[in-house]
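Lettering follows sequence order; numbering is per chain, from 1. What you see is a predicted model, and the numbers here were worked out from it, not measured in a lab. Keep in mind that the numbers below use all heavy atoms, side chains included, and drop hydrogens, waters and symmetry copies.
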Amino acid sequence: MAETLMFNALREAIDEEMARDETVFVLGEDVGHYGGSYKVTKDLYQKYGELRVLDTPIAENSFTGMAVGAAMTGLRPIIEGMNMGFLLLAFNQIANNAGMLRYTSGGNFKIPMVIRGPGGVGRQLGAEHSQRLEAYFQAVPGLKIVACSTAYNAKGLLKSAIRDDNPVLFFEHVLLYNLKEDLPNHEYLVPLDKAEVVRPGKDVTILTYSRMRHHVMQAVKGLVAKGIDPEVIDLISLKPLDFATIGASIQKTHRVIIVEECMKTGGIGAEIIASINDQYFDELDAPVVRLSSQDIPTPYNGKLESLTIVQPKQIETAVEHMVALRV
Amino acid sequence: MVQERTLPQFQAPAAQISAEEGLMLYEDMVLGRFFEDKCAEMYYRGKMFGFVHLYNGQEAVSTGVIKALRHDDYVCSTYRDHVHALSAGVPAQNVMAELFGKETGCSRGRGGSMHLFSSEHNLLGGFAFIGEGIPVALGAAFQSRYRRDALGQADADQVTACFFGDGTTNNGQFFECLNMAALWNLPILFVVENNKWAIGMAHERATSQPEIYRKASVFGMPGVEVDGMDVLAVRTAAQTAIARARAGEGPTLIECLTYRFRGHSLADPDELRSKVEKETWLARDPIKRFEVYLLENNLVDEDTLRGIRDRVQTLIDDALTFAEESPEPSPDDLYKYIFAES
C-alpha cells in the first residue's frame, strides 16, 4: 500500500495505460511542459515524448474534433479539459461527433476516447469556472459519464475509461485533487458501470456523487449519532445509471434522498427521480427528495457561494425529516 | 453581380496523361454526375427524403483530388458528400441504399444523405455542420504522423484529404486547424470547393478576403488557386500536395474555383443566383470540357466515351434496383450501434 494523492492516482492511471498501450495519448492545454493545471500529467512528456503528451493551442472545439478523428482511425486519445467548463466550447464535437457518430455511421467507426478534467464548484472561482457539465451532457446519446470521488476509485475508473471503446466523459472535482488514500501496489480496475455502496444501512438511501459524497459522509456522522442508519450510494456512473444497485437499495429502505452538486433544473437527480417513478414507485414510502445546487450562476462571494451548493447540515436535516416521515 | 475572378491558366497538354488514366477520370466524373441526376429524380418522385445536396458541376474537384490518392489514404467530406464517397470507392449501390434509408446503405440507413461513412474505404464522413469535419480530418492526419514518428512505423505515410466549401472558411475551426496542421506538419490537404455561394450568401458578402488560397500564407503553408472546372488542373495540384504531405513536408490549402449547377439543396428555390452567372459557369462544365480534351488529344474516340456513359448508366440503374429492393433496418435494431461492445 502506498499513500497517494488523488491527482497522483490519476497520473499513475494515465502513466500505466500509456505504458501498456502505445496508441494511448494525452492532449490538451498545458498538459505537456506545464504538467497539467492540476499536475495530473506532470513530467509525462519527458517519458513519452511531445506527440504522446501533446500541448495544444487554445482551441477546444478543434482539438476535441481532432481527438475524434484520431480515435476513429485507431488511437486512444485522452483529452484533458484544463477546466471542464471550457468544453462548452467543444459541445458540438462532444455531442455530434464523439457521442453520435458511431450510431450515425451505422457502426462503421468506434470512438475510444476519454475527456477528463476538473469540474464542480471550487472556492470562489466564479460562475464560468464552477460548471457541472454532467447535467448538460446527460441527454447526449452514446456518451458514458463517470464521476470519481476518491483516490482509489479515480485511478481504477480512469484506467477502465481509457480501455473502454466508447467516449467517456470523466469528471474529477476541483476540490478533491488533494485527497489522500492508501492505494494497492498491484494493478486494479474499477468498473465504469457500477455504483459504489459507500455505507450500507437500512433506514434511507442517499444517492450522491463526486464531492457531495464527502458532504454526505459528514452528515452521516451526525445521523448515526442520532440512531439513524442511512445507506450511502456513490453513483459513479451518471450515464448509464446503475439501477441494479439503486433499485436493490430502494427495495430495502423504501426512502430516497438525492444529493447532487448540479443545478436542480434538468439535473442528474431529476433523471433519477423520473426513473424511480417508472420502475420503483410502489416501493416508495415517501416522495423522493433531492438536494441540489441553486438554479443560479455560481456567485463569486464566498457566503453566497456556500448558499448555492448543498451543505452537510442540510443533508442531515433532510434525512431526519424523511425518517420521521415529515417530508 | 460581382466581377468573376479570372480563372488561373493551366496548360492541360503539359499534364501528359495516358488514355487509361483519362478514361478512369472521365468515368469517375460521369459516375458522380449520373448518380446525382438520379438522386434528383428520386427526390422529386418522393422516394428520397430529408435534405439532399447535389454535387453537379463540381465533379472535377472530387475526381481530381480523390483519384490522385492511394486506397489507404483518408477522405473527409461535408453534407455534399455523395460524390466524394463514390470517388473514394464506396459502391454506388451502397450510397444509393443509404439515401433510401436501407440496411444495406453504407451507414446502414442510420446516417442518410449528409452522413455517409465507410471505414472500409477510409471515408471519415459525412459531416453536416459547417466546419466540424475539418478537425476530424486533422485527427486522421495526426494519427498518420503519430504512427510514423511516435510509434516508428515507417510505412505510416497516409494522407488525408479534407473537403469543405467557401462558407466554411469564415469559421474558426478552419483557422484553428490550419494553424495546428502547419504547427505539427501534418499530412493533410485542405480542399476548398469555392462554388461562390453558401446557400444564399454570396462569398463576397461573407468574407473580407475572397481569395481563400491566400489565407494559407499566414500559417506558412502553400496555398494554391486552381480552376476547379478542369480535372487535370485539380489533379496536378493535388498530386503535388499529396507528394509533399507523404514526404512529411506538411499541409497544403487548395482553393478550387467551381460552381454547383443546382441549388444548395433540392429544397432550395435558388432565386438569388443570376442567369448570366449560371450560364457562364454551365459553359465550363468539367465533363464536357474533359471530353473535348480527350478527343482533341486523340486519347480516345467518341464511341469509347459513349460506352463509358452507357456502362455508368447501367450501374446507376442497378444501384437503384438494389436500393429499392434492399430491406429496411429491423425495428429490433433501434438501439444497435449506440455503444461499441468492448
Subject >> Residue A/Leu143 versus chain B: region with a heavy atom under 4.5 Å >> reply: backbone
Subject >> Region of B/Arg145 that comes under 4.5 Å of a non-hydrogen atom in chain A >> reply: both
Original post:
Should we say atom OH of A/Tyr136 is surrounded by more than 12 heavy atoms from elsewhere, each under 6.0 Å from it?
Top reply: no
Subject >> B/Cys106 versus chain A, the contacting section by heavy-atom distance below 4.5 Å >> reply: backbone
Subject >> Distance flag, aromatic centroids of A/Phe25 and B/Phe142, threshold under 6.0 Å >> reply: yes
Subject >> A/Ala59 portion near chain B, given a 4.5 angstrom heavy-atom threshold >> reply: both
**OP:** Could you tell me whether a side-chain N or O of A/Ser62 sits under 3.5 Å from a main-chain N or O of B/Cys177, the two making a donor and an acceptor?
**Re:** no
**OP:** Check whether more than 12 heavy atoms from other residues, nucleotides or ligands sit under 6.0 Å from atom OH of A/Tyr34, and answer yes or no.
**Re:** no
**OP:** Would you mind telling me which of A/Pro57, A/Gly49, A/Gly99 has the largest number of heavy-atom pairs within less than 4.5 Å of chain B?
**Re:** A/Pro57
Original post:
Is there a donor-acceptor pair closer than 3.5 Å between any side-chain N or O of B/Arg108 and the backbone N or O of A/Gly106?
Top reply: yes
**OP:** Side chain from CB out, backbone as N, CA, C, O: work out which of these in B/Ala150 comes under 4.5 Å of a heavy atom of chain A, or both, or neither.
**Re:** both
Subject >> Contacting region of B/Asn122 [heavy-atom separation from chain A under 4.5 Å] >> reply: neither
**OP:** Would you mind telling me which of B/Leu124, B/Leu116, B/Asn179 has the largest number of heavy-atom pairs within less than 4.5 Å of chain A?
**Re:** B/Leu124
Original post:
Between B/Gln158, B/Glu103, B/Met180, B/Glu98, which has the largest tally of heavy atom pairs under 4.5 Å with chain A?
Top reply: B/Met180
**OP:** Quick one: which of B/Leu334, B/Ile134, B/Thr160, B/Leu183 has the most heavy-atom pairs under 4.5 Å with chain A, could you say?
**Re:** B/Leu334
Subject >> Verdict with supporting geometry, B/Glu176 and A/Asn61, side chain to side chain contact (heavy atoms under 4.5 Å, CB included) >> reply: CA-CA 9 Å; B/Glu176 293 175 3; A/Asn61 54 349; 2.7 Å; yes
Original post:
Which residue out of B/Arg147, B/His115, B/Glu132 racks up the most heavy-atom pairs below 4.5 Å with chain A?
Top reply: B/Glu132
Original post:
Below 4.5 Å, heavy atoms only, C-beta onward: do A/Tyr103 and B/Lys336 meet side chain to side chain?
Top reply: no
Subject >> More than 12 heavy atoms from other groups under 6.0 Å of CZ on B/Phe51 >> reply: no
Original post:
Counting only heavy atoms not in A/Lys42, do more than 12 fall under 6.0 Å of its NZ?
Top reply: no
Subject >> Derivation and outcome, side chain to side chain contact (heavy atoms under 4.5 Å, CB included), residues A/Thr104 and B/Arg110 >> reply: CA-CA 5 Å; A/Thr104 307; B/Arg110 273 71 165 182; 5.8 Å; no
Original post:
Out of curiosity, B/Leu151 CG to A/Leu75 CG, how far, rounded to the nearest 0.5 Å?
Top reply: 7.5 Å
Original post:
Between the side chain of A/Asn166 and the main-chain N/O of B/Ala340, is any donor-acceptor distance below 3.5 Å?
Top reply: yes
**OP:** Please flag which part of B/Leu123 lies under 4.5 Å from any non-hydrogen atom of chain A: side chain, backbone, both or neither.
**Re:** backbone
Original post:
With respect to chain B, which residue among A/Asn92, A/Val68, A/Thr56 yields the maximal number of heavy-atom pairs within a distance under 4.5 Å?
Top reply: A/Asn92
Original post:
Under a 4.5 Å heavy-atom cutoff, which of A/Gly107, A/Ser105, A/Ala70 has the most pairs with chain B?
Top reply: A/Ser105
Original post:
Under 6.0 Å from the CD atom of A/Glu128, do we count more than 12 heavy atoms belonging to anything else shown?
Top reply: no
**OP:** Measure the spacing between NZ of A/Lys144 and CZ of B/Phe339 and express it to the nearest 0.5 Å.
**Re:** 6.0 Å
Original post:
Can you tell which of B/Phe127, B/Phe129, B/Tyr74, B/Trp184 has the highest number of heavy-atom pairs within less than 4.5 Å of chain A?
Top reply: B/Trp184
**OP:** Begin with the C-alpha distance, continue with both residues' side-chain angles, and end with the deciding distance and a verdict on side chain to side chain contact (heavy atoms under 4.5 Å, CB included) for B/Glu120 and A/Asn108.
**Re:** CA-CA 8 Å; B/Glu120 183 189 344; A/Asn108 262 286; 5.9 Å; no
Subject >> Most chain A-contacting option - heavy-atom pairs closer than 4.5 Å, from B/Ser119, B/Ala128, B/Ala141 >> reply: B/Ser119
Original post:
Considering only heavy atoms, which portion of A/Glu22 lies under 4.5 Å from any heavy atom of chain B: side chain, backbone, both, or neither?
Top reply: both
**OP:** Please state whether the side chain, the backbone, both or neither of A/Thr64 comes within less than 4.5 Å of a heavy atom of chain B.
**Re:** neither
Subject >> Intermediate values then yes/no, side chain to side chain contact (heavy atoms under 4.5 Å, CB included), B/Phe117 and A/Leu101 >> reply: CA-CA 10 Å; B/Phe117 292 89; A/Leu101 191 146; 3.8 Å; yes
